[in-house]
Amino acid sequence: MVSNLEEYLEEAEAEYEAEYEEELYIAGKPELKPSRNTGTCILLSVSYSGEAGRALLKLYDLEKRVMHFWYDDTGHRPYCLTDMSVEELKRSKVVSHPGFLGFERVKKFDVLRGREIEMTKIIASDPLAIGGKKGAIRDLLPRAWEADIKYHNCYIFDRQLVPGMLYKVEDGKLVRVDVELSGEEAQEVLKIFEGQEAAKELLKDWLPLFLAPVPDIRRAAIDIEVYSPDPDKLPNPREALYPIIAFALVDSDGRRLVFLLRRDSVETGQSDELSDNIEVRFFYDEYKMLEEIFKLLNEYPVVLTFNGDNFDLNYMLHRALKLGFSRDKIPISMTVGEHPAALLTAAVHVDLYKFFHNRSIQGYAFGSKYRDVTLDAIAEALLSIRKIQLMAPVSQLSYAQLAAYCLRDAEITMQFTKFDDNLVMKLIILFMRISKMSMEDVTRQGISNWIRNMLYFEHRKRNYLIPRKDEIIAVKGQAVTEAKIKGKKYMGAIVLKPPAGVYFDVAVLDFTSLYPSIVKTRNLSYEVINCDHPECRSNVIPSTPHWVCTKRQGLTSILIGMLRDIRALWFKPMSKKVKDQVKKSLYEVVEKSLKVILNASYGVMGSSNFSLYCPPVAESTTAIGRYIITKTIEKAESLGLRVLYGDTDSIFIHNPDESKIGELMKWAEEELKVDLDYDKRYRFVAFSGLKKNYVGVLVNGEVDIKGLVGKKRNTPPFLKEAFLNFVGILSKVDTPEDFEKSKVLLRDLAKKVYDKLRERRYSLDELAFTVMLSKHPSEYAVASQHVKAAKLLMAYKKNVDAGSIIRYVKVKGEPGVKPVQLARIDEVDVDKYVEHMRTTFEQVLTALGLDFDEILGVRSITSFFNR
DNA sequence: ACCTGTGGCGAAACAC
DNA sequence: GTGTTTCGCCAC
């Protein structure tokens, strides 16, 4: 129990008096020394030290639970490649560049053209001399291969290190600690790949990444609160005008600590608002408090924040500068750019806001459980806890309230990495191993960079010349199919139009990881598509002019194929089977992380930002996907199965005949080389007749709602709730007879909502549309409603920018909308809301063969005209 | 510095 | 008035 805040105050006072005359502000600079005698470490990060050719590795020592630093001084230097000759280069400006060190002739395999070539390596003293913004060596060359200048991540010049893996220091060298491939488990996995020699070879490198244990890393989560004179405005970190009034730290060992800045006329508050075992310390001097904070930041190998890049660490850095700290006494530095990252000198900073913002993480690792990327929303979705809800602005809280509030945020941040047996930390480590990226990078960058780094690593391992983007396009060409949607680059998947109505007993079959399977079995890879062997030209991709090489398997095909197989054939089934809890948990994490990578592996090929962008590969993938689903539907129908619906890789079958389904699966496996699996079975499905739009009740009573407006985030809460009740009634339906009974209930419900709406008994909050601004209001081509509302809000000098969520209601008169904050209940345009109610309910009613107006027994003027 | 893809629906604004 | 475009959100 925090015995008494008053006591802590007195303590601080005594301390303050004692130190008053003393020399203040002792240096807080972290000591970074290369360590030679460490135990088993996990490699967390690689960065450049600034000295010529020296890279700094951050290693966390598992036994001593400390962080070590390792200077990589193997003599390797950063370089880039060119096909120019040494003589040519000697006459160029390159030799007079201050960072230039020398030339070396090297042989590389030109993977695009399938032959070995000789190139010149230009060696430099500093990666920035090659790839830096201005006047870099690369810019002096007409043709430079830039990929090999990367110094960050795992690849230090010529050495291949894998972040997230365990290393030992022996005789001044880093030696990887690996799981033995001769072990029983590894042997069993390798057996699965019997006959697939390329994949088996690859697996020898990859299997240790999946089987190596994931250590628990000591870490701290921090949060700060800043005084603000205007409660609506978050203080600007670059200006750092106001004092940091609270700091909280929660570490992985359970330590909980709060620093509070002593201010005039602040109430102490009730100590019992704080829970047990908390260290509280008051400071009279903000400078002193920052010094203590900086000391703490140097004590942990990993520091977690939520939005620390933008706010917490950024603010601390600028506040410290403002208070007179010299740069070398602040263990924080910001990278340059529009979205800067805050890096710590002696630790790895993980900004969980960035990690949770990653769409792949959101969708595939957490199944879209959270939608808004805010501390509160994610905490509620993943941990079932909330922030402390404040009644007053932070600046007006008592010490006890402030401490509790700040501490809760730090606690939530720590819990994000601890729940489900450290799931998030484990995922991060796995992603580091797969992408070969440092912890800082992997948590900040998107999936396309992960896949790029993964593939680059494999290229370097094989001494392949990594092609430039423009070379790939020049050799392999652009997309040729036409997209259904204007503005898209190529044709995508097939979606069937379902018949409107209710269908009992529906089986859903789907192809397991369809696109990765296609990439594997059809040998899709940028370097082997449209190859120059005349004899391969007949190996065409259906409905495209592209063909695929028959002589050589492409790198991405092997790699993606191997990852697909090992997930589908080992980690997924085994994660359900294994009894050992530690192993099970690792398997689940591996399975999840592979899913994330596999799901994105096709998309990046069609992304012009991706460095191995290859439109022919992307459109061939979808073309084969269309071919496969079309053929399967034809086969199903020829077997007498009734196909109701299908989307991309799924097929809905009415009144399925088990033996025929078995036959269909066998056929797909043999003829199309894809796994067709039983996904789920619906007691009934109600189709509205629209694509991507239906409700289904599974045999276990669970309800699936797909695409219906009642479910969408921008739908006002009163409709969402009504819709949920609506679906709740439906889910109780067991037989066709039950429908008749439920219709009465549905009618009552609709009527109730309608009356409540007409009588204006819903609150503004319940009526609010919630829409995100995808860009700044000034950048829109069209002034849609949420933009209009945002502009009104801006007039009241609220913080409004890209990413802000705007809540507005529809009102009578111009401009038709108002932000909830500024609206009154009597201005609401009820007719507009009735129309929304109509579309929401009609999607379900159509399926049931019911009519909205009939159910209500009323006809508004607008609905009359719509008939 | 940041960035996986296409297909589809509904609402409203814009263009004619 | 009508047809087209823009935007947000969702399915896969």
Side-chain angles (χ1 to χ4, degrees), chain A residues 133 309 335-341 354 357-361 363-364 368 371 441 444-452 479 481-498 508 510-511 513-515 596-613 615 617-619 621-623 625-626 629 645-650 679 688-694 704-715 769-775 779-788 802 805-806 810 815-817 832 835-836 838-840 842-843:
Chain A
K133 285 251 187 268
D309 281 346
T335 62
V336 286
E338 206 184 326
H339 300 284
K354 292 242 168 87
H357 205 83
N358 186 319
R359 242 182 69 200
S360 300
I361 297 299
Y364 295 116
S368 299
R371 265 200 292 219
D441 284 351
R444 284 177 179 77
Q445 297 185 20
I447 193 89
S448 70
N449 286 332
W450 300 3
I451 293 175
R452 178 196 68 188
T481 55
E482 203 169 314
K484 287 261 180 314
I485 302 172
K486 223 179 122 189
K488 300 288 184 187
K489 288 168 291 195
Y490 58 89
M491 195 184 286
I494 286 178
V495 187
L496 301 187
K497 191 171 159 50
V508 182
D510 72 350
F511 299 106
S513 36
L514 178 64
Y515 288 170
V596 171
I597 299 287
L598 288 170
N599 275 317
S601 65
Y602 139 74
V604 296
M605 298 297 167
S607 167
S608 59
N609 300 312
F610 183 58
S611 53
L612 299 173
Y613 174 48
V617 167
E619 70 176 340
T621 311
T622 58
R626 294 194 297 275
I629 195 170
Y645 178 60
D647 184 348
T648 314
D649 62 353
S650 65
D679 183 20
S688 62
L690 298 169
K691 296 174 177 182
K692 297 179 186 288
N693 210 280
Y694 60 87
D704 260 357
I705 306 168
K706 302 288 184 183
L708 304 184
V709 293
K711 182 191 170 182
K712 294 196 176 185
R713 150 157 102 175
N714 52 358
T715 302
F769 291 84
T770 312
V771 180
M772 190 174 63
L773 282 175
S774 63
K775 40 194 168 187
E779 291 169 47
Y780 279 87
V782 171
S784 25
Q785 301 202 312
H786 68 299
V787 177
K788 286 178 186 168
I805 289 179
I806 307 296
K810 303 199 174 189
V817 290
K832 281 263 166 46
E835 284 313 300
H836 277 276
R838 170 193 300 282
T839 35
T840 306
E842 242 168 20
Q843 288 187 336

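Residue numbering restarts at 1 for every chain, and letters A, B, ... go by the order of the sequence lines. Given the structure is predicted, the values throughout are model-derived calculations rather than measurements.
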Nearest-nucleotide pick for [X], side chain only, options being [options]:
X: A:Lys692; options: B:dG8, B:dC14, B:dG10; result: B:dG8
X: A:Lys706; options: C:dT6, C:dA11, B:dG10; result: C:dA11
X: A:Gln785; options: B:dA13, B:dG7, C:dC10; result: B:dA13
X: A:His836; options: C:dG8, B:dA11, B:dT4; result: B:dA11
X: A:Arg359; options: B:dG5, C:dT6, B:dG10; result: B:dG5

Is it true that A:Asp647 and A:Lys691 make a salt bridge, defined as a side-chain N closer than 4.0 Å to a carboxylate O?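 Here A:Asp647 does not pair with A:Lys691 in a salt bridge, since their nearest N and O are not under 4.0 Å apart.
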If you look at every strand shown and take non-hydrogen atoms under 4.0 Å, does A:Glu619 touch a base, only sugar-phosphate, or nothing?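 Nothing, no heavy atom under 4.0 Å.
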Which is true for A:Tyr613 with a 4.0 Å heavy-atom rule: it touches a base, it touches only sugar-phosphate, or it touches nothing?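 Here A:Tyr613 touches no strand at all.
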5'-most by nearest nucleotide on DNA chain B - A:Gly689 or A:Asn609: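 Taking each residue's closest nucleotide, the earlier one in sequence belongs to A:Asn609.
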Which heavy atom of A:Arg626 sits nearest a heavy atom of A:Thr481, and at what distance?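 Closest approach of A:Arg626 to A:Thr481, heavy atoms only: NH2-CG2, 4.4 Å.
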Just do the side-chain hydrogen bond (donor to acceptor under 3.5 Å, both in side chains) check on A:Thr770 and A:Asn714 with the steps written out, would you? CA-CA 5 Å; A:Thr770 312; A:Asn714 52 358; over 6 Å; no
What's the NZ-C1' distance between A:Lys488 and B:dT4, to the nearest Å?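 My rounded result for the distance is 11 Å.
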